[in-house]
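Contents: one structure, followed by commentary.
No hydrogens, no waters, no symmetry mates; every other heavy atom, side chains included, goes into these values.
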Amino acid sequence: MAPPVAEAPPPTTPKRSSLLKKVIIFIIAMIVVHGLMVLFAWLIIKPRPLLYTVEDGSLHGFSLANDSLNATFDVTLRLDNRNRRMSLYYSSLDVSIWFRGQMLAFDQTGAFHQRRRNSTLIEVKPEARSLRLMRDVADALNRQKKSGNVKLDVRVRARLRFKLLMFKTWGYHLKAYCSPVVMHLDPKKWFKRTPCDVDL
């Protein structure tokens, strides 16, 4: 008669695996709770849209020869936060100058905080240095140069967070498109403020 076969003991769940699951569940729960609290505060506050405008713009050292551009674009932007209970934390603000689909110049600001119900003026100086232009772009820019006015597009990209009451949201990407921004070669001419389309 064959000896009885000993049964294998049932597998035991390691305590470490159980603890890891509890930690993951706790983290997920905290993220969900935080998100719901921010959403609840957002619905109560009903934030107003941000307004961007180009307040001033001028050209300096404008030179275009052999399809090569040299110029400095002085741009003053107004960022208008009309919310009474919401402030903004910008981690970056990128400003670029475009003409006929080609980027001419670029500048970037550092991080800054915008308080509630606040209008902030940002001054940037994108520069073009020996920038090679496409032939059709150079021709069109030359024609506008002769007229004394240059119609440009100003594009803004920003990464920011909102602070609602005591909560800060995750990062958002903002895009603003300002066109046409008419800059005069004669600095005595009056600049017309240009509103921007803001997409958040």
Side-chain angles (χ1 to χ4, degrees), residues 47-83 87-160 172-200:
R48 302 179 72 181
L50 306 178
L51 297 181
Y52 278 41
T53 54
V54 179
E55 293 292 314
D56 194 17
S58 58
L59 281 166
H60 299 282
F62 188 91
S63 171
L64 179 58
N66 300 321
D67 299 343
S68 182
L69 174 67
N70 289 280
T72 300
F73 304 86
D74 290 353
V75 178
T76 301
L77 292 166
R78 179 184 293 275
L79 317 182
D80 192 4
N81 176 19
R82 301 177 296 160
N83 294 282
S87 61
L88 308 173
Y89 288 85
Y90 285 85
S91 58
S92 64
L93 187 78
D94 304 334
V95 181
S96 54
I97 308 297
W98 293 71
F99 181 80
R100 299 287 180 94
Q102 182 172 359
M103 188 172 74
L104 305 182
F106 173 85
D107 198 6
Q108 186 179 56
T109 70
F112 63 95
H113 172 237
Q114 186 177 25
R115 299 188 306 275
R116 298 168 292 175
R117 300 188 71 175
N118 174 268
S119 290
T120 302
L121 292 178
I122 301 293
E123 296 181 359
V124 292
K125 296 179 181 292
E127 293 184 355
R129 289 291 172 259
S130 301
L131 177 67
R132 193 72 179 176
L133 301 179
M134 294 182 290
R135 174 55 60 88
D136 59 332
V137 172
D139 291 343
L141 194 56
N142 247 329
R143 288 193 297 270
Q144 291 199 15
K145 177 187 175 183
K146 292 177 182 177
S147 71
N149 304 320
V150 179
K151 295 181 180 179
L152 303 165
D153 301 329
V154 175
R155 301 183 188 182
V156 181
R157 288 177 177 267
R159 182 168 176 80
L160 70 160
Y172 286 87
H173 290 278
L174 177 146
K175 296 179 182 179
Y177 181 74
C178 321
S179 179
V181 178
V182 181
M183 294 189 183
H184 306 291
L185 296 176
D186 183 357
K188 296 179 181 179
K189 286 192 175 181
W190 177 71
F191 178 84
K192 184 179 179 181
R193 184 175 64 174
T194 306
C196 306
D197 294 327
V198 179
D199 182 20
L200 183 61

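Atom OG in S58 sits 10.5 Å away from atom CG in L185 (nearest 0.5 Å). Between R132 atom CZ and D67 atom CG the span is 5.0 Å, to the nearest 0.5 Å. In this structure, the separation between CZ on R100 and CE on M134 is 10.5 Å, given to the nearest 0.5 Å. Rounding to the nearest 0.5 Å gives a distance of 10.5 Å between CG of L200 and NE2 of H173. Here CD of Q114 is found 7.5 Å from CG of D80. Values are rounded to the nearest 0.5 Å. How far CG of L141 is from CG of L152: 7.5 Å, rounded to the nearest 0.5 Å.
A heavy-atom distance below 4.5 Å is found between the side chains of R129 and N70. The shortest distance between side-chain heavy atoms of V154 and I97 falls below 4.5 Å. Side-chain contact between L174 and L93: absent, with no pair of heavy atoms (C-beta onward) separated by less than 4.5 Å. Contact annotation: the side chain of I122 never approaches that of Y52 to less than 4.5 Å [non-hydrogen atoms, C-beta and beyond]. No side-chain heavy atom of T53 sits less than 4.5 Å from a side-chain heavy atom of L77. A heavy-atom distance below 4.5 Å is not found between the side chains of L50 and L79. Looking only at side-chain heavy atoms (C-beta outward), F73 and L59 come within less than 4.5 Å of each other. In this structure the side chain of D56 never reaches within 4.5 angstrom of the side chain of D74, judged on heavy atoms.
Side chain of Q144 to backbone of K151: a donor-acceptor contact under 3.5 angstrom is found. With H184 contributing its side chain and F191 its backbone, the two residues share no donor-acceptor pair below 3.5 Å. Side-chain atoms of D153 never come within 3.5 Å of backbone atoms of F99 as a donor-acceptor pair (strictly under, hydrogens ignored). Judged by distance alone, the side chain of T76 and the main-chain N or O of E55 form no donor-acceptor pair under 3.5 Å. Checked by atom type and distance alone, the side chain of Q102 never pairs as donor or acceptor with a backbone atom of V137 at under 3.5 Å. The main-chain N or O of K125 is found under 3.5 Å from a side-chain atom of D107 such that the two form a donor-acceptor pair. N83 places a side-chain N or O within donor-acceptor distance of the main-chain N or O of R48, the cut-off being under 3.5 Å. Between the side chain of R115 and the backbone N or O of S87 there is no donor-acceptor pair closer than 3.5 Å.
Between the side chains of N118 and T120, at least one donor N or O sits under 3.5 Å from an acceptor N or O.
Other residues, nucleotides and ligands contribute over 12 non-hydrogen atoms within 6.0 Å of the NZ atom of K145. Within 6.0 Å of CD on E123 lie no more than 12 heavy atoms contributed by other residues, nucleotides or ligands. Crowding of N66 atom CG: a count of heavy atoms from other residues, nucleotides or ligands under 6.0 Å not exceeding 12. In this structure, R157 places its CZ atom where only 12 or fewer heavy-atom neighbours from other residues, nucleotides or ligands lie under 6.0 Å away. Remark: R82 CZ is packed, more than 12 non-hydrogen atoms of other residues, nucleotides or ligands lying under 6.0 Å away.
Of all non-hydrogen atoms in P126 and V95, the two that sit nearest each other are CG-O, 4.3 Å. Counting all heavy atoms, side chain and backbone alike, K189 lies closest to N149 at NZ-OD1, 4.1 Å.
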Q | Worked check of side-chain contact (heavy atoms from CB on, under 4.5 Å) between L133 and L64 | A | CA-CA 9 Å; L133 301 179; L64 179 58; 3.7 Å; yes
